[in-house]
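The structure appears right after this line, and notes come after that.
Just so we're on the same page: letters track the sequence lines, and every chain starts at 1. This is a predicted model, so every value here is computed, not measured.
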Amino acid sequence: MMLIDCPHCGPRDENEFTYGGQAGIAYTPDVDDEAWAGYLFMRDNPKGWFHERWFHAHGCRTWFSVHRHTVTHEMRPQP
Amino acid sequence: MRFTFDERTYEGRPGDTLAAALLRNGVRVVGRSVDLGRPRGVFSAGPEEPNALVRVGADPMLAATTVELYEGLAAWSLRGKGRVDLAEPAGRRCDKGYLHCDVLVVGGGPAGLAAALAAGESGARVILVDDQPVLGGDLLAGRATLDGAPALDWVAGVAHQLAVLPEVRVLTRTTAIGYYDDNYLTAVEKRGSGERLWHLRARRVVLATGAQERSLAFPDNDRPGVMLASAARTYANRYGVRPGARAVVFTCADSGHEAARDLAAAGVEVVAVLDARDGAEITGTTADGEGVLTGVRTRGGGQFAADLLAVAGGWNPVAHLFSQSQGRLRFDEELQAFVPHLSAQAERSAGACRGLYGTAEAIADGYAAGSQAAGLTGFAERASHHIPDSDERPPKPPAPLWVMGDDPATSFADLHRDVTVADLQRASGTGMRSVEHVKRYTTAGTGADQGKTAGAVVVGVMSALLGTAPGQMGTTTFRPPYTPVSFATLAGRDRGALSDPVRTTAMHEAHLARGAVFEDVGQWKRPRYFPLGDEDMDEAVRRECDAARTRVAAMDASTLGKIDIRGADAGEFLDRIYTNMYSTLAVGACRYGLMCKADGMVFDDGTTARLGPEHFLMTTTTGNAAAVLDWLEEWHQTEWPELDVRFTSVTDHWATVAVAGPKAREVVAALAPEAAELAFMRCVETPVAGVDGRVFRISFSGELAYEVNVPWWYGAALWESVLALGAVPYGTETMHVLRAEKGFAIVGQETDGTVTPQDLGMEWIVSRRKPDYVGKRSHARPDTAREGRKRLVGLRPEEFVEEGAQLVAPGGGEMLGHVTSSYTGAVLAMARDVAPGDRLEAVSGGRTVPVTVVEPVFYDPDNTRRDGDPVERVGTVGEWRPESPAGRFAHRFLSASSERVRLRELPFVRMWEVRGRDPGQGLRLGPAWWLVTGDGGREGWTDVSGQRTVLELSGPDAVEVLVTGCPIDLHPAVFPGYAQTLLGKAGVILERTAPDVFRVYVRSSFTGYLAEWLLDALSHPGSGSSPPSR
């Protein structure tokens, strides 16, 4: 059970949150089919630091981004 | 204390484990091994026990060394594994609890006690967990002195100091079983009537889990009478039990000599002490007809008659939790054992679990670890502690010995799994090099004891076979739980009616009273149909449909999701979310909308009304209400934060009754005269029987229909009035028939995440004028735009077809589609390359039904029924009395309350949600989100009085109730006064209004669940540790 530091509520258990996948994927519908398929279906899956989104669904209902190390689960706030 | 074992009655003493009591009574054979059926006896004195597995009451398999004796205990021997008795164990009650601390100390031996004291004295919040009924750890088993006095005097002194520190909590009989991310540990506390699973979150952890003696492999090393030397010593010293009359001690380490000394002092005749460091070696054992040890043979022809062989193979630090925390072990050549090396979390090992085996050394290390942990969590470290003088001699390194003798087939490496040295030789012979492979091939280490005594032997034997060093071999992965845990313990109180929250509407009691048959829709209970007399479902549904088509019928539609949407850009936002246009919708009008995910597939549908220039009300499907709100907030917060729009769930605030049928207008005229003459797809905010309400003229059946909304408190009154005015109650089954006859698709029934609006034949709802909407780009992707996709069609079957039946051309061939909805007179399907008039076959379960493709509208295709009949007669409505969501629990709350904890509802509290600007009052729930209570609502605030109810829990034990279901830290120094979090499985707002008084704001639909959850908690008061008694 990770402890996730919500920017509004402070540290809370992981099960109060929903995962939002990779952060920084811009919504750009004016692109060709291949680029659009990339937006819809392709995400990075690194071993190491990953920029990702979380949503505090059972708390303040805020979306936020963090950097998480996918091996150690260490989290750092978005710089 | 009397107890029975295999139906024979024995006497034990308070404080005995079952193993100690059996030995006290001379019971040597406790069970038989799992594969070979060999007789086995007590081997250890702790959770590492591989042999003495027994059934105790309803518990199918426990180690006798971990079972605390109680009066009347009944136990039975096992052959290696138990069988679960599916009958419910009477009186057993398990639950869970959440605790937080600055420093968690695992283990109540010398190191753990010192660590807890050092941290506690600094003012840190400390939790100390220990698996034994009394503190002391290894000191309970020995006869060491500290500063010239018995070591247990030192233990008692520290225990007393801990007891008076207000921020220190000591949990005995509590085994830490799991160590997870971010210093989250789980521990099982044995209580009088069951177990409590503690969820512990610590800023720093000190592991003081001690060390376990390891076994050695030699021929016939599994006979009853062969025992770890440390265990023999524990039985002699701690329990006053002589584990044998004549003992041979074989040792690789100093501890064997201590055991020999203590056994002799206890009156055991020690006939030989054989030290491997002097070249001694055991070559075999002899036994009597029962298989019980009678003698020991040694290299060089030695033969000793003995009924006890105490084996000291050396020590293994208990590194299970450390390893679970992802810490890295290293092999210590001097100790011949794996010890903690690199920590992965905010954790430190202290004492024997990091290889410091002396008592004084452990105490010194414990003080250091506790002080350091306190310092790292912001408390002042105390400079020094008094380290008592110990009478122990400094230890000498153990012999690196794992296996002896010449008969690998009877030399057991893992007693629990009956894995021998010969099995390990076979594994190495097949080419296995990794201990993980050897484990899976031989099953060594996979028993309930997880190979605690065997792991080192397996690694030692394998490294010898492979000509490598144990440090190169490594260990297998340590996984939770450290000791076996029953599913009943894991389930706790989340079972039966509390296993999953049940959401109910304001009309639920009325539905129960009418004998409704319910169906689950998400967590909701919805009436499926209302049988009269002995009607079956088909008969009831036929009658309900007939009422809706020819007169008037009513359905509880409260479960539909409702989202209040406000802001200057609300219309623009809806334009981007829905496929059709909302910014142009007139105030007072409703529009049906579809929303898609970015991949263009239908996600949800519903009707959204414009209540004001900057105010909309969206409805969602019952199952998707939470997901749609999440979706709106995601797009607003992450893509379009510049838009001025705010969302508030009002699903529970409004109770909704759908009134459908040609006579519906008469019902509405009696309730809300202003609404009776509403045009189709119009709405009005209007009094309903004198209560602030809303009426929408929308139809999901093709008939004249209204959705009448009143606040939750009046939902039951509205329902009864509608029925008293002549409406026939109908359920979801009838709703499905009525909508299917009109060809209306249901999200999740006709759609499955691969269906576009165009596939549903709803091109008309997809705007071509808007610059964008979520899904628009995907509707131009080659695959979604192509011809030949499955589309919604109707079917006329020749007999009943199953939903899910596959559609193929007559005589077979490729699958063309599948049946999505099937009712008498209305069958819908998704199928490709078909046209009305085509003949197909529907195949399901080996049955083939000929069908004809038709247009997907079976009833009133020209919408002539929509306006119903004019009003002829207006009935009267009786007076409405409000009902609060927990009103029916008032008596049970009162009778469950006590001096220690009281529970009541604070009914009919007016509440408002405010977003955007700070109202200067109320509870701030989010960055721009407040909940304000009180009568003074203001312009722009959303009335949510019916959305939640307030339960008040008060009294000195209120916190003890809350910690059994609330994961956040409620300590007064940490808890901010209120928070939005979880209680049980329901989302709540928790507010502390006085030191012992908490308000729990819970969604009205979850009130029944949470009330039952709290009543269940209150019905079993009492906290703290007590001896097992069941």
_I'd like to know whether A/Leu40 forms a side-chain contact (heavy atoms from CB on, under 4.5 Å) with B/Ser778, so could you lay out the CA-CA distance, the side-chain angles of the two residues, the decisive distance to 0.1 Å, and finally the verdict._
CA-CA 9 Å; A/Leu40 289 177; B/Ser778 288; 3.4 Å; yes

Tell me whether [X] at atom [atom1] has more than 12 heavy atoms from other residues, nucleotides or ligands lying less than 6.0 Å away.
{"X": "B/Glu642", "atom1": "CD", "answer": "yes"}
{"X": "B/Arg328", "atom1": "CZ", "answer": "no"}
{"X": "B/Arg786", "atom1": "CZ", "answer": "yes"}
{"X": "A/Asn45", "atom1": "CG", "answer": "no"}

Contact class of [X] relative to chain B, heavy atoms under 4.5 angstrom:
{"X": "A/Ile4", "value": "neither"}
{"X": "A/Trp63", "value": "both"}
{"X": "A/His8", "value": "side chain"}
{"X": "A/Phe55", "value": "side chain"}

Go through [options] and name the one with the most non-hydrogen pairs under 4.5 angstrom from chain A.
{"options": "B/Ala780, B/Pro782, B/Ala626, B/Gly987", "result": "B/Pro782"}
{"options": "B/Ala344, B/Pro927, B/Ala979", "result": "B/Pro927"}
{"options": "B/Asp772, B/Asn183, B/Val774", "result": "B/Asp772"}
{"options": "B/Arg924, B/Gln345, B/Gln326", "result": "B/Arg924"}

*Which pair of heavy atoms, one from B/Ala598 and one from A/Tyr39, lies closest together, and at what distance?*
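Scanning both residues, the minimum pair turns out to be CB-CE2, 4.1 Å.
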
*Looking only at heavy atoms, what is the nearest atom pair of A/Leu3 and B/Asp182, with distance?*
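Closest approach of A/Leu3 to B/Asp182, heavy atoms only: N-OD2, 2.7 Å.
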
*Before giving the answer on side-chain contact (heavy atoms from CB on, under 4.5 Å), spell out for B/Gln980 and A/His56 the whole-Å C-alpha distance, their side-chain angles and the decisive distance to 0.1 Å.*
CA-CA 10 Å; B/Gln980 238 186 146; A/His56 195 186; over 6 Å; no

*Short question: side chain of B/Asp181, backbone of A/Met2 - any donor-acceptor pair under 3.5 Å?*
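Side chain of B/Asp181 to backbone of A/Met2, a donor-acceptor pair under 3.5 Å: no, none is there.
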
_So does A/Val31 get a backbone contact from the side chain of B/Arg777, meaning a donor-acceptor N/O pair under 3.5 Å?_
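Yes.
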
*Hey, are B/Thr981 and A/Glu16 close enough side-chain-wise for a donor-acceptor pair under 3.5 Å?*
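Yes, a side-chain donor-acceptor pair sits under 3.5 Å.
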
*asked:* Let's test your reading of the structure: which of A/Asp30, A/Thr72, A/Asp32, A/Asn15 forms the most heavy-atom pairs below 4.5 Å with chain B?
replied: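 Between A/Asp30, A/Thr72, A/Asp32, A/Asn15, the count favours A/Asp32.
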
[X] versus chain A, heavy atoms under 4.5 Å apart: side chain, backbone, both or neither?
{"X": "B/Ile989", "value": "neither"}
{"X": "B/Gln637", "value": "side chain"}
{"X": "B/Glu634", "value": "both"}
{"X": "B/Leu982", "value": "both"}
{"X": "B/Arg201", "value": "side chain"}

*side-chain contact (heavy atoms from CB on, under 4.5 Å) between B/His199 and A/Met1: does it pass, once the steps are laid out?*
CA-CA 10 Å; B/His199 296 248; A/Met1 181 79 74; 5.7 Å; no

_Atom pair CD (A/Glu14) and OH (B/Tyr184), whose distance is rounded to the nearest 0.5 Å_ =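 Spacing of CD (A/Glu14) from OH (B/Tyr184) equals 10.0 Å.
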
*asked:* Show, in sequence, the C-alpha distance, side-chain angles and deciding distance for A/Arg61 and B/Asp630, and conclude whether the side-chain contact (heavy atoms from CB on, under 4.5 Å) test is met.
replied: CA-CA 8 Å; A/Arg61 303 195 62 83; B/Asp630 290 358; 2.4 Å; yes

*Taking side chain as C-beta onward, heavy atoms only, is B/Thr638 less than 4.5 Å from A/Tyr27?*
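No - every pair of side-chain heavy atoms lies 4.5 Å or more apart.
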
